[in-house]
Amino acid sequence: MPRPPGRGRRVRSRGVAPGEYAEWVAGYREGRFVESARRASEVRPEDAIPAQRAFLDGCPPPETPVGFRQRLASALLHAEAAARFGGAPAPGRLTSRPIRSLEEGWPPGIAPEFREEAERSWGRSASGDLRRLVNRELHLAAGRMLLSRLDLGGAQAVFAAGGPRSDPALAWQQAALDLLGARYLRQDHLWKEGGSALVRAVRRRGWSREEAAASDRATAWAMGTPADLHLRTALAELGQGDPAAAERSVARVAEPVPRRLLAPLRLLAAESAMRRRPGEAEIPPLREAVGAFPSSPAAVAALVAAMQDRGLADAAAELAGDFLSRRSYETPWLDFLTTWAEAEEPGLSWLRRLAV
Amino acid sequence: MTARGENAPPSASRPEGSKPPFGSPAERSRPVSSGGLSRRTLPAALRRDRRRRLRSAALLAALTPAVAPGDALSQFRVETRAVLVDVSAFRGSEPVEDLSRDDFALFAAGAPVEFRLVDRDSLALAVLFAMDVSASTAGDRRRRLAEGATLFASSLGERDSCGVVAISMAARWLRPFGPCGPEVGRRLRRTAAGGPTALRDGILLSLAALRGGSGRGVLLAFTDGDDNLSWAGEPEVLRSMQAAEALVYAVIAPPHRASRSVDSDDRGREFLRRLSEESGGRTVEVRDDRNLTAAFREILDELRVRYVLAFTPPPEHRGFVPLRVEVERRGVRVRARSGYTAR
C-alpha cells in the first residue's frame with residue numbers, strides 16, 4: 001500500500017490566474033482527470049479560491065448543461081486532488097462552493113441514463129435532488145478513496161466538507177469512520193457517538209431495503225442492510241466494554257448472511273464471547289469463516305486464538321504455520337471496517353462522465 | 001475512460017484481481033463456503049507431528065540425567081509435561097551468572113513447588129524472528145535490522161533452529177524453521193517493504209507457529225510499534241503467548257513520522273513491553289537505527305546467561321496460574337514469566 005497521498009508534498013504559495021484555473025477545468029473536462037487534479041494539488045487551496053470564484057462567476061447559468069458541467073468539473077478537480085494527492089486538509093470550500101451554486105433539478109440536456117444510474121445506486125427518492133446527489137457522490141467518493149489508503153484524517157476532513165448533517169449517507173460514512181478511529185486510534189469518546197450516529201443515519205436514509213440490495217454503492221447497500229447495522233452496533237458495544245450487548249447485537253443478524261458480512265459476523269461473535277470468558281468462542285463458526293476466507297489474516301488469527309483458548313495448541317500451530325505459507329491474502333475484516341472503500345470509487349466514475 | 005484512468009495510484013497491497021468490485025456480479029455470486037477447514041489441515045492438525053515429538057524428546061533428554069536409575073516415581077515425573085521458567089538475574093544492570101539451584105525458590109499460585117535447574121545449553125532454541133516489514137521499516141533501517149538478525153542467528157548453535165516471519169498487512173514465512181545462520185538476514189533484507197502493519201495478528205500467528213520449531217521457543221519481534229487494523233486485541237495475543245509458553249523479546253525503533261497513515265500512539269509499544277515482560281523476556285528500545293545490531297546482541301547475551309527452571313505442574317492447577325521466582329541472594333533481582341496455563 002503506498003504512502004498516504006500528499007505526505008511530504010511541498011505545496012507552493014502562489015496566486016492562480018483565472019486563465020490557468022480555466023485550463024485546469026478544461027483539461028479535466030477533456031478527460032485529463034488525474035493530470036488536472038495534480039496541477040490543482042500543487043497550489044495551496046487558499047490560493048485557488050479567488051481563481052475559482054472568478055471562474056464560477058464567468059460560467060453559464062447552472063441550469064444549463066454547460067454551466068452545470070463546468071461547476072461540477074471545478075468541484076471534482078479539487079475532490080480528486082484531495083483524494084489522490086492529499087497534503088493540505090481537504091479544500092472544503094473548493095468542493096462545496098461550486099456544488100452550492102447548482103440547481104436542485106436535473107438540467108435539460110443531461111442524458112437520461114445518468115439519472116437512471118443514480119436511481120439504481122440511491123433509489124428514486126434520494127436521486128431527485130441533483131445538487132444533493134452530486135454533493136453526496138463527490139464527497140463520498142473522495143473520502144472513501146482516502147479511506148481505502150487508511151488516511152483516516154483526510155477521509156474525515158472530506159466527509160465533513162460534504163456536510164454530514166444534511167446528508168444521511170455522509171453522516172453514516174462519518175460515523176463508520178468514527179468507529180474505525182475509536183477501535184484503532186483509541187479515540188474512545190467516539191464509540192458512543194459513532195454508534196448513535198449510525199442508527200440515526202440509517203433511519204434517515206430515504207431508500208428502501210430493496211433499493212439498497214440492488215445498489216452498487218457500498219454506503220447505500222450497508223445503510224439498507226439490517227445485518228450491517230447490527231454488526232457495527234456490536235463493534236461499538238465491544239468498544240464500550242459491553243460484550244454481552246455485543247453478543248445480543250450479533251445474534252440479531254438473520255441468516256442467510258451476505259458473503260461480505262460473514263467474516264465480520266463470525267469474528268465479532270468470537271470476540272464478544274472471548275471477552276466474556278476465554279475459551280467461550282465457538283470454533284465451528286470460525287472454521288466456517290476460515291473456510292470461506294482461508295487467506296484472511298483476521299479470520300485465521302481468530303480461529304487460532306479460539307483453538308489455543310480451548311487447549312488445541314498443536315492444531316492452532318498447524319493452522320498458523322499453514323497460513324504463514326500463503327503468498328496472497330484477502331481482507332474481509334478490513335473491508336468491513338473501511339466500508340469496502342476502493343482506490344477508485346464507482347461514484348467518481350459516474351461523476352467524471354457527467355462532467356465531461 | 002475506464003475507472004482506473006491514467007496515472008491511477010497503485011491499489012492496496014493485495015494481489016491484483018483478488019477482490020471483485022463491490023456490487024459486481026462476481027462479488028455478489030461468490031458462494032459462501034461452509035464445511036470448515038480443508039481436509040489437509042484438520043487431520044494433520046490433530047496428528048501427533050514429528051516436530052512435537054522431537055521437542056518433547058529433547059526436553060526429556062535434558063531432564064533425564066537428573067533422574068536416579070530405578071526411581072519409578074521420579075521417572076514418571078520426568079515423563080509428564082514439564083513447565084519451563086526462564087529466569088534472568090541481575091545485580092544492578094549486570095547479569096549474575098553464578099547462581100545454583102539452591103539459590104532459587106519457585107512459587108505457583110503462591111505455593112512453593114519442586115523444581116529442577118536445567119542446563120540451558122542442553123536445551124535447543126527455536127527462534128522465530130517476527131519482523132515488521134511495513135513501509136516504516138524500509139531503507140537503511142531494514143539493512144541494519146538484517147545485520148542484527150544475521151548476528152543473532154549466526155551466533156546460535158547447530159541444534160538450534162530459526163524461522164523468519166514478515167509482518168505487514170498479513171504475516172507470512174520468509175523462511176520456515178531451519179538451521180540458523182546468515183540466511184535469516186538475507187531473507188529479511190530481500191523482502192520488499194510496504195503497507196501498514198497488522199502487528200497483533202502477526203504476532204499471535206507467529207506465537208502459535210512457534211510450536212512448530214524443535215526447541216525452547218523464543219519469539220524475537222521487531223517493530224516500530226504501529227498497528228493498523230489487526231483483529232486480535234491485546235488479551236488475545238497475551239493468551240497466545242501463554243499458550244505457546246514462548247519467551248518473547250522485542251526490539252522497538254521509533255516510528256518514521258512520514259510513513260504514518262493511521263496515527264499511532266505509544267500504546268502499541270507499551271503492549272510489546274508488557275507482552276515480553278509477561279513472558280520473562282524484555283524489550284530493547286533503540287532511539288537510533290545505528291543501535292539495532294547492538295540491541296540484538298544484548299538479547300543474545302541475555303539468553304546465554306539465563307537460568308531455566310523446570311517443574312511438573314500440580315494436577316489441581318487449572319487455567320492461568322501465576323508464578324513467582326525468588327532468589328536468596330542479596331542485591332539480586334530476577335525476571336521471569338508471570339505465569340503459565342495449566343490444562
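Hydrogens, waters and symmetry mates play no part in the numbers below; they use all other heavy atoms, side chains included. Protein chains get the first letters and strands the later ones, always in sequence-line order, with residue 1 at the start of each.
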Practice task
State, with a plain yes or no, whether a side-chain heavy atom of B/Arg239 is found less than 4.5 Å away from one of A/Met274.
Solution key: yes
Exercise for the section: List in chain and number order the residues that pass side-chain hydrogen bond (donor to acceptor under 3.5 Å, both in side chains) with A/Arg275, two or more places apart in sequence or in another chain; answer none if no residue qualifies. Expected result: B/Glu236
Practice task
Answer with side chain, backbone, both or neither: which region of A/Val356 has an atom nearer than 4.5 Å to a non-hydrogen atom of chain B?
Solution key: neither
Problem - Exercise: identify the closest heavy-atom pair between B/Asp201 and A/Ala301 - result: OD1-CB, 3.8 Å
Handout entry: Distance (rounded to the nearest 0.5 Å) between B/Ser230 OG and A/Arg183 CZ
Key = 9.5 Å
Exercise for the section: Could you tell me which of B/Ala208, B/Ala243, B/Gly233, B/Ala209 has the largest number of non-hydrogen atom pairs under 4.5 Å with chain A? Expected result: B/Ala208
Problem - Considering all heavy atoms, the nearest B/Ala170-A/Phe323 contact - result: CB-CZ, 4.4 Å
Fill in the blank from the handout: Note: B/Trp173 and A/Gly321 closest approach over all heavy atoms is NE1-O, 3.2 Å
Fill in the blank from the handout: Looking only at A/Ser296, A/Ala313, A/Gly181, most heavy-atom pairs under 4.5 Å shared with chain B are made by A/Ala313
Exercise for the section: Hey, could you give me the OG/OH distance between B/Ser168 and A/Tyr329, rounded to the nearest 0.5 Å? Expected result: 5.5 Å
Problem - Gap separating the CD atom of B/Gln242 from the CG atom of A/Asp309, nearest 0.5 angstrom - result: 9.5 Å
Problem - Any B/Leu205 side-chain heavy atom under 4.5 Å of A/Leu319 side chain - result: no
Fill in the blank from the handout: CG of B/Leu204 to CD of A/Gln308, rounded to nearest 0.5 Å, is 5.5 Å
Practice task
Tell me, yes or no, whether the heavy-atom count around B/Arg190 atom CZ, taken from other residues, nucleotides or ligands under 6.0 Å, exceeds 12.
Solution key: yes
Handout entry: Check: B/Trp231 side chain, A/Ala302 main-chain N or O, donor-acceptor pair, under 3.5 Å
Key = no
Practice task
Take B/Leu229 and A/Leu180 through the side chain to side chain contact (heavy atoms under 4.5 Å, CB included) test and state the conclusion after the steps.
Solution key: CA-CA 9 Å; B/Leu229 307 167; A/Leu180 183 59; 3.4 Å; yes
Handout entry: Min side-chain heavy-atom separation A/Arg326-B/Arg172 under 4.5 Å
Key = no
Practice task
First locate atom CE of B/Met169, then atom OG1 of A/Thr331, and finally report the distance between them rounded to the nearest 0.5 Å.
Solution key: 6.5 Å
